[in-house]
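Below is one structure, written out as structure tokens; the observations come after it.
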There are 2 protein chains.
Amino acid sequence: MTHNDEHSSFDHSADDAGDDAAYAAALDRLLLLTVLLNDDMHRGLQDDGLTPSRTSLLWTLRRLGPCPQKAIADAMEISPRTVTGLVDGLVATGFVTREPSPADRRAVLVTFTPKGTAAVESLLEQQRGFGRQLFAAMPRDRFAGLVAGLDDVLGTLHALGLRKPF
Amino acid sequence: MTHNDEHSSFDHSADDAGDDAAYAAALDRLLLLTVLLNDDMHRGLQDDGLTPSRTSLLWTLRRLGPCPQKAIADAMEISPRTVTGLVDGLVATGFVTREPSPADRRAVLVTFTPKGTAAVESLLEQQRGFGRQLFAAMPRDRFAGLVAGLDDVLGTLHALGLRKPF
DNA sequence: CATCATTATGAGTCATGCTCACTATCGTAG
DNA sequence: CTACGATAGTGAGCATGACTCATAATGATG
């Protein structure tokens with residue numbers, strides 16, 4: 001890509017074209033990182049008998065505590081029907097249980113089993129280890145620069161209306 | 001693995017703990033960015049009648065030029081059968097055609113239609129615009145720090161064996 | 001020419017997502 | 001207290017995208 005159109009300008013637009021190319025290169029890096037991190041997470045996941053979506057549900061459940069499926073659906077921004085399916089799978093594999101809700105006989109409370117709790121703790125620990133692997137060898141000022149840049153980008157995305165719900 | 005051997009030392013372990021928290025925060029930012037960028041790309045895609053996987057195939061095809069499905073399968077690291085399905089969809093929606101291969105009557109050459117070419121060009125342009133939106137307002141030194149940090153992380157991932165095939 | 005490898009695909013499975021319709025229950029207006 | 005509308009969960013059915021296994025057609029090679 002990038003039969004880049006610098007040139008064709010005279011005094012200062014070279015700056016603009018150079019910026020554009022630099023932006024493209026930076027965005028390429030971000031997207032590549034996106035793909036690599038995603039792939040790595042998903043690869044590690046299935047070792048535990050967990051699929052990406054089910055893991056995401058577990059993660060959400062950890063944040064919410066025992067709760068009805070509707071709350072999970074809202075938090076994950078997926079349909080209640082999909083939550084039913086994911087919880088089905090997690091119940092079948094022993095990560096959560098459906099407990100009757102004391103307050104509402106229509107609802108169930110999705111609740112961690114000990115295995116589910118252990119799985120989430122394990123994921124947390126893996127993430128800590130991964131953070132160490134990624135950043136421990138990085139010079140401190142470069143690390144600080146990275147975090148500042150990421151914050152800037154996240155702030156920009158937030159301003160553009162792209163945000164995570166919570 | 002790696003219930004880390006920081007060993008509970010006294011004098012400087014505060015540093016280690018602080019680092020760990022900083023690493024976790026940085027990783028959180030990276031993962032959040034991962035999710036946000038992914039979501040945004042997929043959202044924009046379906047406006048064009050393209051699914052994420054089919055778009056990925058188009059992107060690969062742009063890199064490879066007209067080629068048999070097996071080449072696409074290898075490049076995308078998915079099974080040939082899956083490529084058949086994706087190409088089916090792209091043919092049905094008019095983005096590519098299956099041309100007979102002159103050299104091998106078993107194979108077909110997946111080839112862009114004008115609509116397909118236009119779609120990829122449009123995606124490229126969108127990406128350039130997105131890069132500008134993300135980075136144009138960022139101070140130059142912060143941008144440089146971000147890129148340096150990203151390169152560092154990508155290098156580390158590469159060293160860990162995580163890399164993109166191409 | 002016979003055999004083996006390769007290309008694409010049919011058939012069948014699984015995981016995620018969706019909608020629509022339905023039951024059971026809740027809450028509230030009357 | 002009852003009747004009605006909202007809410008929680010699920011059954012049925014569909015689409016996408018990934019996989020495997022089997023198979024037909026063709027290529028390549030001894």
Side-chain angles (χ1 to χ4, degrees), chain A residues 35 38-39 41-43 45-61 64 66-93 95-111 165, chain B residues 35 38-39 41-43 45-61 64 66-93 95-111 165:
Chain A
V35 172
N38 251 342
D39 287 1
M41 300 208 65
H42 294 177
R43 210 171 299 135
L45 252 45
Q46 47 197 95
D47 298 343
D48 305 313
L50 283 170
T51 61
S53 291
R54 290 178 196 173
T55 307
S56 173
L57 194 153
L58 250 42
W59 199 258
T60 303
L61 188 59
L64 301 181
C67 63
Q69 295 182 180
K70 182 56 163 52
I72 300 176
D74 289 343
M76 294 178 68
E77 297 192 298
I78 58 182
S79 74
R81 188 59 184 85
T82 301
V83 174
T84 297
L86 294 177
V87 172
D88 283 349
L90 287 167
V91 168
T93 47
F95 289 95
V96 304
T97 59
R98 284 190 172 100
E99 304 295 332
S101 168
D104 188 338
R105 271 187 297 170
R106 294 168 302 177
V108 295
L109 292 187
V110 182
T111 310
Chain B
V35 172
N38 252 341
D39 286 1
M41 299 207 66
H42 294 177
R43 210 171 300 134
L45 252 44
Q46 46 197 99
D47 298 342
D48 306 313
L50 283 171
T51 62
S53 292
R54 291 177 194 173
T55 306
S56 173
L57 194 153
L58 249 41
W59 198 258
T60 303
L61 188 61
L64 300 182
C67 63
Q69 295 183 180
K70 182 56 163 53
I72 299 176
D74 290 343
M76 294 179 68
E77 295 192 300
I78 59 180
S79 74
R81 188 61 184 83
T82 301
V83 174
T84 297
L86 294 177
V87 172
D88 282 350
L90 287 168
V91 168
T93 47
F95 289 95
V96 303
T97 58
R98 284 189 171 100
E99 305 294 332
S101 168
D104 188 338
R105 272 188 296 169
R106 294 169 302 178
V108 295
L109 291 187
V110 182
T111 310

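Proteins get letters first, then strands, A, B, ... in listed order; numbering begins at 1 in each.
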C/dC14 phosphate, OP1 or OP2, under 4.0 Å from A/T51 side-chain N/O = no
Earlier contact from the 5' end, DNA chain C, for A/A103 and A/P80 | A/P80
Contact under 4.0 Å: B/T84 side-chain N or O vs C/dA8 OP1/OP2 | no
A/D104 CG - C/dT28 P separation (whole Å) | 13 Å
A/H42 has an atom NE2; how far is it from atom P of D/dA18, in whole Å?
-> 13 Å
Do you know the tightest heavy-atom contact between B/D48 and B/F95?
-> O-CZ, 3.6 Å
Within a strict 4.5 Å, meaning less than it, do heavy atoms of the B/T97 and B/V91 side chains meet?
-> no
Does OP1 or OP2 of C/dC18 have a side-chain N or O of A/S79 closer than 4.0 Å?
-> yes
Reckon B/S53 touches a base, only the sugar-phosphate, or nothing at all at heavy-atom distances under 4.0 Å?
-> sugar-phosphate
Rounded to whole Å, CG of B/L109 lies from C1' of C/dA8 at a distance of 13 Å
For the pair made of CD1 in B/I78 and C1' in C/dT7, what is the distance, rounded to whole Å?
-> 15 Å
Would you tell me if any nitrogen or oxygen in the side chain of A/R54 comes within less than 4.0 Å of OP1 or OP2 on C/dT16?
-> yes
Got a donor-acceptor pair under 3.5 Å from the side chain of B/R81 to the base of C/dG10?
-> yes
Starting from C1' on D/dA8, measure out to CZ on A/R105 and report it in whole angstrom.
-> 13 Å
Would you kindly give the CD-to-P distance between B/E77 and D/dC19, to the nearest whole Å?
-> 10 Å
Which nucleotide in C/dG17, C/dT7, D/dG17 has an atom nearest any side-chain atom of B/P52 = D/dG17
DNA chain D nearest-nucleotide lookup for B/M76 and A/P68: closer to the 5′ end is A/P68
Could you check if a side-chain atom of A/I78 sits within less than 4.5 angstrom of a side-chain atom of A/I72, using non-hydrogen atoms only?
-> no
How would you label the contact of B/V83 with the nucleic acid (heavy atoms, under 4.0 Å): base, sugar-phosphate, or nothing?
-> nothing
For the student: nearest non-hydrogen atoms of B/T111 and B/P66, plus distance | OG1-CB, 4.0 Å
Could you tell me the separation between the CG atom of A/D74 and the C1' atom of D/dT7, rounded to a whole number of Å?
-> 11 Å
Are more than 12 heavy atoms from other residues, nucleotides or ligands located less than 6.0 Å from atom CE of A/M76?
-> yes
Over how many whole Å does the gap from B/K70 atom NZ to D/dG27 atom P extend?
-> 17 Å
Hey, does the side chain of B/R98 come within less than 4.0 Å of C/dT7's phosphate (OP1/OP2), counting only N and O?
-> no
